[in-house]
Protein chains: 2
Amino acid sequence: MNEYSFIFAPAMRIKDENKEKAIREKAMEMIVQEGFDGLSMQKLAQAAGVSPATIYIYFKNRADLLNQLFNEVEETFTKVTLADFSPEMSFKEGLWLQWKNRLKFIIDYPTHYRFHEQFRNSPLINHSDIKITPFKENMKAFVHNAVKRGEMQKVDPEIYWSIAFGTFYSLVRFHLHEKSMMNNDFKLTEHKMRLAFEMMLKAFKI
Amino acid sequence: MNEYSFIFAPAMRIKDENKEKAIREKAMEMIVQEGFDGLSMQKLAQAAGVSPATIYIYFKNRADLLNQLFNEVEETFTKVTLADFSPEMSFKEGLWLQWKNRLKFIIDYPTHYRFHEQFRNSPLINHSDIKITPFKENMKAFVHNAVKRGEMQKVDPEIYWSIAFGTFYSLVRFHLHEKSMMNNDFKLTEHKMRLAFEMMLKAFKI
DNA sequence: AATATAAATGAATATTCATTCATTTATAGA
DNA sequence: TCTATAAATGAATGAATATTCATTTATATT
């Protein structure tokens, strides 16, 4: 299949997109539920209703499968997180939108999020910085504007990030797994998130 | 070997404690470097300079090894973190000591810390709440006292935790791995930690 | 020195793994 | 309807896996 298909008119069986989708989804589910070593190609094939050999039509090998999944997740994450966002927004408004967008991603794609969490620092992933560049650009410009307008004090980016998002992600962890710590049933509602958000903001006051 | 050994005078070859220690250490290193599936019993045996069968003298099986390692780490963590700490301390002083103690743990036992990070939410671990109870008791009393003395506003424990420690652990992640985000060489010095700490504290002001 | 005990072992076992390959199957165009 | 093409497959391969077991080895006491 190439751009001259219509001229040379090849006749070929087309790929069944449902198969690839099933493989991707089941793979993520298995990894999230049983960890990376819980994913065997044969068990995955069975779960996806497919022959083991079929997986190798869509993915070069196990490592490639893993990397494709990871990249897919990062792409979706960036898209959801930057929705309606602009670096020109006021510090408070922009940061709150970030929190809301991120919560949306976690609620809408919980498996993706947990999968990403497992591999964010894994040596098994080829972290190709390129993909998250637009994201970083946006965040950098956003902070720059906020400082210029005197809406927040100037700090190391890591400190900014840790207060603004470290707090948020800790709440998310309570929401998602840490049932044993503290209370046993913490649900991160928008209301609770707002409470934490208002407190966190004070840290940046000049 | 039991408490009546001296009476019945058994004659037996004694365990070589260096062997167990080598197994434990190499196992953690291998897991941290290559992930849980990078740990095979035969490779571990080789790395520890021991026969595969020897591992099974000290550990019932692979899962047991993992659990023992995890428990060992949590024990050390609790000890280091609670050093010199008292729930009677002022909010500011107590929280700062927590940050310092935790940083000390991470600096002194980086492998332990990374190992713990990998398995904190893993289904492979039998999380036996019991172990961290003294720790939770201390923290609960500490917050209770601070609220009573009017040093901080009363908030959900998860929100308190997320601002106070979510911020800290995010800094630690930058320090330990996230070389690709932001600047490429963030070193968490006590000075930078103090800057972040002072900002974070403002969130709790009444 | 002899002995009883458990530590320590290397080789063996049975299973599971990722990947390949010779065939078969479905389908778009002739 | 026929044909060329690539999708899809089930079975096979060989390497690696966790665990076991029949022996051997070291040593504290007699």
Side-chain angles (χ1 to χ4, degrees), chain A residues 1-28 30-31 33-69 122-125, chain B residues 1-27 30-31 33-69 122 124-125:
Chain A
M1 245 345 191
N2 59 40
E3 70 244 66
Y4 302 114
S5 300
F6 66 95
I7 296 178
F8 294 113
M12 53 178 251
R13 182 175 175 182
I14 57 163
K15 283 192 189 179
D16 184 344
E17 283 178 25
N18 296 327
K19 288 212 166 63
E20 184 178 357
K21 206 174 155 197
I23 294 168
R24 296 185 106 103
E25 281 175 2
K26 291 292 174 188
M28 256 196 238
M30 289 174 76
I31 286 173
Q33 276 161 27
E34 310 180 49
F36 184 52
D37 57 320
L39 177 82
S40 92
M41 301 305 260
Q42 349 230 17
K43 283 196 287 176
L44 170 58
Q46 197 173 25
V50 137
S51 160
T54 303
I55 300 174
Y56 290 86
I57 294 172
Y58 294 94
F59 305 93
K60 218 165 63 212
N61 51 39
R62 200 168 112 104
D64 179 50
L65 166 60
L66 190 70
N67 272 279
Q68 284 204 35
L69 291 179
S122 169
L124 301 164
I125 296 287
Chain B
M1 240 356 184
N2 59 40
E3 70 244 65
Y4 301 114
S5 299
F6 66 95
I7 295 177
F8 295 113
M12 52 177 250
R13 182 174 175 182
I14 57 162
K15 284 191 190 181
D16 183 344
E17 283 178 25
N18 296 328
K19 289 212 165 65
E20 184 178 358
K21 205 175 157 195
I23 294 169
R24 297 185 105 102
E25 281 175 3
K26 290 293 174 188
M30 290 174 75
I31 287 173
Q33 276 161 28
E34 310 179 48
F36 185 51
D37 57 318
L39 176 82
S40 91
M41 301 306 260
Q42 348 230 14
K43 283 197 287 177
L44 171 58
Q46 197 173 26
V50 137
S51 159
T54 303
I55 300 174
Y56 290 85
I57 294 171
Y58 294 94
F59 305 94
K60 217 164 63 213
N61 50 40
R62 202 168 110 103
D64 179 49
L65 167 60
L66 188 71
N67 272 279
Q68 285 204 34
L69 291 179
S122 169
L124 301 165
I125 296 287

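The sequence lines fix the lettering, A, B, ..., with proteins before strands; numbering per chain opens at 1. Since we're looking at a predicted model, the values are computed, not measured.
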For [X], give me all partners under side-chain contact (heavy atoms from CB on, under 4.5 Å), at least two apart in sequence or on another chain.
X: A/A22; result: A/A48
X: B/K21; result: B/E25
X: B/A47; result: B/K26, B/M30

Once rounded to the nearest 0.5 Å, what's the spacing between atom CD of B/Q46 and atom CD of B/Q42?
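With rounding to 0.5 Å, CD (B/Q46) is 9.5 Å from CD (B/Q42).
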Atom OG1 of B/T54 and atom CG of B/D16: how far apart are they, to the nearest 0.5 Å?
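The OG1 atom of B/T54 sits 10.0 Å away from the CG atom of B/D16.
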Categorize A/Y58 for me: base, sugar-phosphate, or nothing, with a 4.0 angstrom heavy-atom threshold over every strand shown.
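It contacts sugar-phosphate atoms only.
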Minimum-distance pair of heavy atoms, taken over all atoms of B/I23 and B/L44:
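Looks like O-CD1, 3.7 Å.
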If you look at every heavy atom in A/S51 and A/A45, which pair is closest and at what distance?
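Heavy atoms of A/S51 and A/A45 come nearest at C-CB, 3.8 Å.
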Specify the angle, to 10°, made by the local axes at the two ends of the helix from C/dA1-D/dT30 to C/dA30-D/dT1 when five pairs are taken at each end.
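Taking five pairs per end, the axes differ by 10°.
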Summary of ring-ring contact (aromatic ring centres under 6.0 Å, His included) pairs that have at least one residue in residues 39-59 of chain A, sequence neighbours excluded
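Every candidate ring-ring contact (aromatic ring centres under 6.0 Å, His included) pair involving residues 39-59 of chain A fails, so no pair, neighbours aside, qualifies.
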Of all of residues 19-28 of chain A, which get a heavy atom below 4.0 angstrom from DNA chain D, listed by number?
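Here the set is A/K19.
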Assign a letter to each nucleotide of nucleotides 10-19 of chain C from its 5' end: B, base within under 4.0 Å of a protein heavy atom; S, sugar-phosphate only; -, no contact.
B------BBB
Check step by step if side-chain contact (heavy atoms from CB on, under 4.5 Å) holds for B/I57 and B/K15.
CA-CA 10 Å; B/I57 294 171; B/K15 284 191 190 181; 4.3 Å; yes
Starting at CD1 of B/I57 and ending at P of D/dA26, how long is that distance when rounded to a whole Å?
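It works out to 14 Å between those atoms.
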Write down the distance between CG (A/D16) and P (C/dA28), rounded to a whole number of angstrom.
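Going from A/D16 (CG) to C/dA28 (P), I get 12 Å.
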Scan the side chains in residues 60-67 of chain A for donor-acceptor partners under 3.5 Å anywhere in the protein, sequence neighbours excluded, and list what turns up.
| residue | atom | partner | partner atom | Å |
| --- | --- | --- | --- | --- |
| A/N61 | OD1 | A/A63 | N | 3.1 |
| A/N61 | OD1 | A/D64 | N | 2.8 |
| A/R62 | NH1 | A/L39 | O | 2.5 |
| A/D64 | OD2 | A/K60 | N | 2.9 |
| A/D64 | OD2 | A/Q68 | NE2 | 3.3 |
| A/N67 | OD1 | A/N126 | N | 2.8 |
| A/N67 | ND2 | A/A63 | O | 3.0 |

